Amino acid sequence: MIKSFAYVRPTSVDDALEMLGADGARVHAGGTDLMGCLRDGVFEAERVVSLRDVPGMRGVRASTQGVTIGALTPLAEIARHSVIGEQYTALARAASVVGTPQLRSQGTLGGNICQRPRCPYFRAGFDCRRKGGRICYAVGGDNHGHAIFGGVRCHMVHPSDTAAALTALDATVVAVGRAGERRIPIGDFFVAPSVDPTRETVLEHGEMVKEIVLPPAADDQRSSYHKEGHRRTWDFALAGAATALRMTGGNVAEARVVFSGVAPVPWRSMAAEEALQGNTLTPEVIGRACDAAVEGAAPMRHNAYKVGLLKGVLEKEMLRYV
Amino acid sequence: MIRDAEGRYWEEGQEVFETPQAAPDPKPWSETRVVGTRRMRVDAYERVSGTAEYPSDLLLPGMLYGAVLRSPHPHARVLSVDATAAEALPGVRAVISGFTPLNAALRPHEQLIRETLFGPVRRFEGEAIAAVAADTPYHAHDALRALKVEYEVRPFVSDERDALAEGAPLVHEEGNRVGDASTYARGDVAAGFAEADVVLEEEYRTECQIHVPMETHGCVASWDGDTLTVWESTQGVFPVQAGVARGLGMPLSRVRVIGKYMGGGFGSKLSMGDYTLMAALLAKVSARPVKLFITREETLLSAGNRPPSNTRIKAGVKRDGTLTALDLSATGTGGAYRAGGTGGLDFLVRELYRCSNVRTETQDIYVNAGPARAMRAPGYPQAAWALEQMMDALAEAIEMDPVALRLKNISLVSQVRGRPYTTTGLEACIRDGAEAFGWEAAKARAEATRDAPVRRGVGVAAAMWGAGGGGPPATVILKLFSDGSLNLNLGASDIGTGTKTIMAMVVAEELWVDPDTIQIEHADTGTTQYATASGGSKTVPTESPAVRAAALDLKKQVLEIAAAQLGVDVATLALREGKVVTTSGPSQEVPLARLNDLRRRGVVVGVGYRGPNPEGKMVNPFAAHFCEVEVDTRTGRVELVRFLAAQDSGRVMNRTTYDNQVHGGVTMGVGFGMTEKRVLDRGQTGRLVGHGWTDYRIPTAMDVPTSLEVLPIDLGDREANSTGAKGLGEPATIATAPAIANAVHHALGVRITATPITPAAVLEALAAQRQESTR
């Protein structure tokens with residue numbers, strides 16, 4: 001049972017920011033993660049600020065400057081949006097494999113990139129490092145789902161599918177706070193545990209995501225996203241790959257490779273990108289890219305399989321471009 | 001069921017009774033009109049429209065809501081519970097703990113342990129410490145947060161593989177072994193191994209699986225003076241009645257338990273829970289009705305499980321496929337209390353295949369974890385996981401087809417009990433199943449994918465179930481109203497398997513009435529007759545002969561009434577479509593509603609009892625499951641392309657619910673084999689890791705086989721009982737997981753000996769295989 005809290009529904013961005021500034025205030029977009037966190041005691045809320053009645057925060061606007069997606073846009077809407085499906089396929093695919101149909105109808109893009117970790121220790125009331133405690137229980141415990149890259153102090157994996165796709169597509173997060181608006185390149189939006197293991201994003205208290213901007217897609221750009229989980233649906237990624245490639249005459253002119261489910265932040269693999277860039281997608285090139293992708297992986301006791309899995313996922317994804 | 005030295009039968013600590021037999025049982029039907037057809041459930045509309053009232057739906061005037069404070073430690077002594085702040089909160093009406101009056105209530109146990117509800121030492125995370133009742137669930141949970149508990153935290157051991165090590169913390173002072181190992185032996189295994197051409201030995205493990213019924217565990221309790229009424233989500237109202245009466249020291253007549261609908265139990269609701277007593281006591285203290293349904297998290301911690309198992313099998317076989325010896329040793333754990341941690345774990349090895357030399361040894365171990373409770377074929381899926389993979393390995397070693405090896409070792413007698421089965425469908429399930437599945441073609445198809453990244457494989461596994469024959473007692477009453485409509489009164493619960501529908505079909509078969517005119521009153525200790533819990537896959541073979549007997553008793557009286565009215569010999573009369581008709585002599589008929597004596601009396605009552613099972617015979621269901629998989633070697637993803645379940649459960653009573661049962665059994669088997677695993681924080685905190693549906697993964701509709709065919713094998717059992725039905729619910733889940741494991745082995749050439757078969761497990765097995773081949 002959730003502890004009692006006040007529920008408010010502001011009708012403008014300014015009012016929302018005013019209310020969010022208070023101590024113990026939490027933002028409520030789709031609520032699919034918030035309600036779970038409150039129920040599981042991951043954190044408490046004195047006041048839940050619903051954005052539901054704030055105008056202008058929902059919907060997809062396409063222009064020559066690219067595409068702007070309101071933070072409150074449901075994932076299901078993104079998954080079936082024709083422009084996103086054609087020009088930013090990775091995002092449409094990522095949105096379409098989040099959770100279940102119910103969760104995609106209710107969950108929003110802003111919420112999806114700001115969700116709290118799904119590490120079962122973090123969720124189940126263990127006083128872990130991400131909660132300000134002294135140890136990461138995954139190190140000595142069950143770590144089959146944990147990070148093979150970037151696990152420093154905390155070994156959780158970033159749970160968002162869309163975050164990996166947005167990183168591959170070079171998105172910009174537009175955040176608003178009482179101090180005003182700031183545009184944050186997605187690569188700077190997520191916080192690695194080496195910097196601070198108690199937060200996942202650079203958002204300050206009282207600040208919220210307003211919208212996400214995708215740059216214009218080049219004509220020759222193609223992108224994709226795929227994840228593998230325990231189940232065929234309703235599962236977070238054990239390993240996933242968001243890729244965006246520009247192909248000229250059968251050659252990879254430019255490549256972006258970003259992994260989900262393997263690191264505490266969306267994990268961009270420059271090594272894999274380099275192995276692809278300037279080359280034709282032969283089995284050898286793909287193989288080299290897969291090997292490069294897992295270089296430097298530091299598996300824990302139960303998750304060495306993720307090294308092979310990640311290679312398998314990337315290989316299958318690359319074959320889509322051939 | 002356990003038979004004691006005095007010849008009395010016990011189940012879950014409750015005595016079960018035998019019923020008198022008024023008349024010898026009739027022979028099973030030769031032909032049927034209703035039984036065996038596809039028929040929609042009699043309560044389908046109620047269930048689908050939401051008008052069916054489950055115990056958790058019940059709202060009574062003035063009702064309070066209960067909640068339970070549970071130990072956050074795997075092992076601790078409770079030094080004190082301070083309820084001052086909680087009791088001062090608004091809306092809080094009652095707090096009970098080991099430090100309040102009324103703590104003499106006896107908690108439920110699978111075995112007869114007499115211990116109070118809130119004992120001083122808590123031996124698993126989630127064991128109850130206190131309970132509250134308040135105006136709303138929110139007030140109740142606020143009260144839990146306000147309770148102050150002082151603990152003396154003790155060392156714990158959470159895994160049975162660590163619990164017998166020297167210096168391991170003790171769960172109970174007498175040690176972590178639950179008594180001595182259970183052993184069984186026949187023949188001479190050493191001689192058997194000497195005789196074998198091939199001897200293999202392997203270790204297998206299955207993880208702890210949790211029941212997770214849709215409706216969580218709980219009840220509503222309400223007192224009227226000294227009489228207690230409990231609406232409980234249960235598989236059996238009479239065991240709950242007995243448990244409450246015993247726990248609270250009351251006569252059975254003062255405890256009424258009602259359980260008309262229930263949202264799943266799978267064995268975890270065969271008897272009452274500690275929550276039942278807590279609700280009753282909270283209701284007593286507050287003088288208000290109390291609803292206490294535990295949360296999902298609490299079900300994962302405290303409401304039962306299929307315990308983990310560790311099994312070693314050594315097996316010998318001759319080149320011609322004859323099994324020469326089977327040797328099993330296994331450990332398991334029922335958690336912190338005696339709860340049958342190894343129950344059923346060796347039965348298949350002793351019974352399923354013909355083998356003269358068998359030895360088994362099982363050791364149950366205490367750990368600081370939530371207690372096991374019977375779960376759909378307790379012990380058998382774990383045993384099948386080991387035995388059926390071993391059979392496959394033997395077949396491979398002697399280069400014999402796995403189907404052929406199994407067919408070579410069929411037994412027509414129960415080797416454990418030394419009696420023949422009434423019918424043995426094992427051979428037909430395997431042979432006919434393989435043919436319907438297209439075993440040979442699928443095998444050839446799989447062989448063609450050996451070098452591809454996505455490989456196919458086929459697997460088979462067989463099973464039998466040690467219960468499933470049903471038996472006494474059962475007492476059923478059937479009432480004929482003056483207009484010809486009927487009331488069927490039986491004590492058994494319908495746990496979602498279609499019991500009510502099948503019983504209405506039996507009445508309709510015997511009396512030639514429309515099943516929709518039959519009102520069913522069931523699962524109420526106040527108004528229906530004693531029945532055992534619906535479990536053990538025995539409800540249909542137990543209740544349906546009693547229902548048929550009641551219908552025959554009623555029919556006899558009705559025909560006598562009609563014979564007197566028509567002035568004809570009763571032997572010339574029969575029932576047809578709601579009428580009594582003559583079958584010889586001058587044609588006469590009278591509708592039931594026109595029977596004068598019935599109209600004068602207003603009712604005719606038929607009574608039926610369940611007679612004994614055939615002497616000197618065993619009644620058991622059998623099964624064989626076939627599976628075709630596609631395994632992606634790059635991602636470890638296993639796709640269940642095709643599945644066929646051949647089931648010998650005797651007569652098919654209702655083909656619709658028959659298929660439903662098998663679909664459910666296979667789905668649960670997929671969960672057991674591929675997705676489900678309780679994770680305890682072994683070696684760190686001992687606590688449950690993952691508290692909900694995201695981390696405790698049951699299969700979704702996307703994870704079950706794309707094509708799932710049910711093949712009933714009905715050998716026309718004339719001896720089992722008067723309807724010829726055997727149990728189905730449990731035998732439908734036993735062989736599923738090993739069939740999948742064998743198919744994965746066929747596809748990849750690697751054997752996954754531990755559940756669940758996740759992408760990680762497949763990739764790890766493939767990596768080990770590569771390492772092996774490069775060595």
Side-chain angles (χ1 to χ4, degrees), chain A residues 1-5 33 36 39-42 44 99-100 103 118-128 135-145 159 226-236 238-240 290 302-317 319, chain B residues 65 67 72 136-145 295-297 300 453-454 632-640 671 674-677 679-685 687-704 756 758-767 770:
Chain A
M1 285 305 140
I2 298 173
K3 269 178 100 167
S4 127
F5 57 80
D33 191 46
R39 193 179 184 287
D40 293 343
V42 173
E44 290 174 0
T100 61
L103 289 166
R118 300 304 312 199
C119 167
Y121 290 100
F122 175 73
R123 289 269 163 172
F126 288 75
D127 183 29
C128 75
I135 68 165
C136 172
Y137 287 89
V139 174
D142 182 319
N143 49 42
H144 79 273
H226 179 77
K227 72 167 169 184
E228 290 289 338
H230 279 106
R231 286 183 295 215
R232 286 173 50 84
T233 184
W234 192 16
D235 231 332
F236 292 89
L238 293 171
C290 292
H302 305 122
N303 67 3
Y305 73 92
K306 281 196 176 189
V307 174
L309 178 59
L310 191 62
K311 287 167 74 170
V313 169
L314 184 59
E315 182 192 341
K316 287 182 74 175
E317 281 299 279
L319 292 174
Chain B
Y65 293 83
T136 71
Y138 298 95
H139 287 97
H141 283 263
D142 285 346
L144 293 187
R145 279 187 274 262
T295 62
R296 182 60 63 193
E297 291 86 339
L300 297 179
V454 178
D632 192 324
T633 55
R634 296 163 298 191
T635 58
R637 164 83 44 216
V638 177
E639 188 95 21
L640 304 177
M674 300 185 75
T675 63
E676 295 180 45
K677 177 183 181 179
V679 180
L680 297 178
D681 192 24
R682 185 183 182 183
Q684 292 195 121
T685 63
R687 293 169 56 197
L688 181 71
V689 182
H691 275 193
W693 295 117
T694 316
D695 296 303
Y696 187 81
R697 296 174 178 87
I698 55 168
T700 70
M702 303 279 285
D703 299 297
V704 296
T758 58
V762 172
L763 289 171
E764 278 162 11
L766 285 170
R770 272 195 298 274

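Residue numbering restarts at 1 for every chain, and letters A, B, ... go by the order of the sequence lines. All values below come from the heavy atoms of this structure, side chains included, with hydrogens, waters and symmetry mates left out. What you see is a predicted model; the values in this text were computed from it and never measured.
Closest of all the heavy-atom pairs between B:Pro759 and A:Gly229 is CG-O, 3.7 Å. In terms of heavy atoms, B:Gly690 sits closest to A:Pro120 at N-CB, 3.9 Å. Counting all heavy atoms, side chain and backbone alike, B:Tyr138 lies closest to A:Ile2 at CD2-O, 3.9 Å.
A donor-acceptor pair under 3.5 Å links the side-chain atoms of A:Arg232 to the main chain of B:Met702, judged by distance alone.
For a residue to count as touching a neighbouring chain, one of its non-hydrogen atoms must lie under 4.5 Å from one of that chain's; by this rule B:Ala767 does not touch chain A. Only the side chain of A:Asp235 comes within contact range of chain B, with at least one heavy atom under 4.5 Å from a heavy atom of that chain. Both the backbone and the side chain of A:Arg231 come within less than 4.5 Å of a heavy atom in chain B. With a threshold of 4.5 angstrom between heavy atoms, A:Phe236 approaches chain B through side-chain atoms but not through N, CA, C or O. Neither the backbone nor the side chain of A:Leu310 comes within less than 4.5 Å of any heavy atom of chain B. If you measure heavy-atom distances from A:Glu228 to chain B, the contacts under 4.5 Å come from both the backbone and the side chain. Of the atoms belonging to B:Thr635, heavy atoms from both backbone and side chain fall under 4.5 Å from chain A.
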Item to complete: Could you walk me through whether A:Tyr121 and B:Asp681 pass the side chain to side chain contact (heavy atoms under 4.5 Å, CB included) test, one step at a time?
Response: CA-CA 9 Å; A:Tyr121 290 100; B:Asp681 192 24; 2.9 Å; yes
Fill in: Evaluation steps, side chain to side chain contact (heavy atoms under 4.5 Å, CB included), between A:Leu319 and B:Arg634
CA-CA 13 Å; A:Leu319 292 174; B:Arg634 296 163 298 191; 3.9 Å; yes
Practice prompt. List the steps, then state whether side chain to side chain contact (heavy atoms under 4.5 Å, CB included) holds for B:Arg145 with A:Lys3.
Written response: CA-CA 10 Å; B:Arg145 279 187 274 262; A:Lys3 269 178 100 167; 3.2 Å; yes
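Between A:His230 atom NE2 and B:Lys677 atom NZ the span is 8.5 Å, to the nearest 0.5 Å. Taking CE of A:Met1 as the start and OG1 of B:Thr136 as the end, the distance is 8.5 Å to the nearest 0.5 Å. The OG1 atom of B:Thr694 lies 6.5 Å from the CH2 atom of A:Trp234; values are rounded to the nearest 0.5 Å.
Contact tally against chain A (heavy-atom pairs below 4.5 Å) for B:Glu297, B:His141, B:Gln684: the top residue is B:Gln684. Options A:Gly99, A:Cys119, A:Ala239, A:Gly141 differ in how many heavy-atom pairs under 4.5 Å they form with chain B, and the most are formed by A:Gly141. Put simply, of B:Asp632, B:Leu680, B:Leu144, B:Thr675, the one with the most heavy-atom pairs under 4.5 Å next to chain A is B:Asp632. With chain A as partner, the option from B:Val762, B:Thr295, B:Leu766, B:Thr685 having the largest number of non-hydrogen pairs under 4.5 angstrom is B:Thr685.
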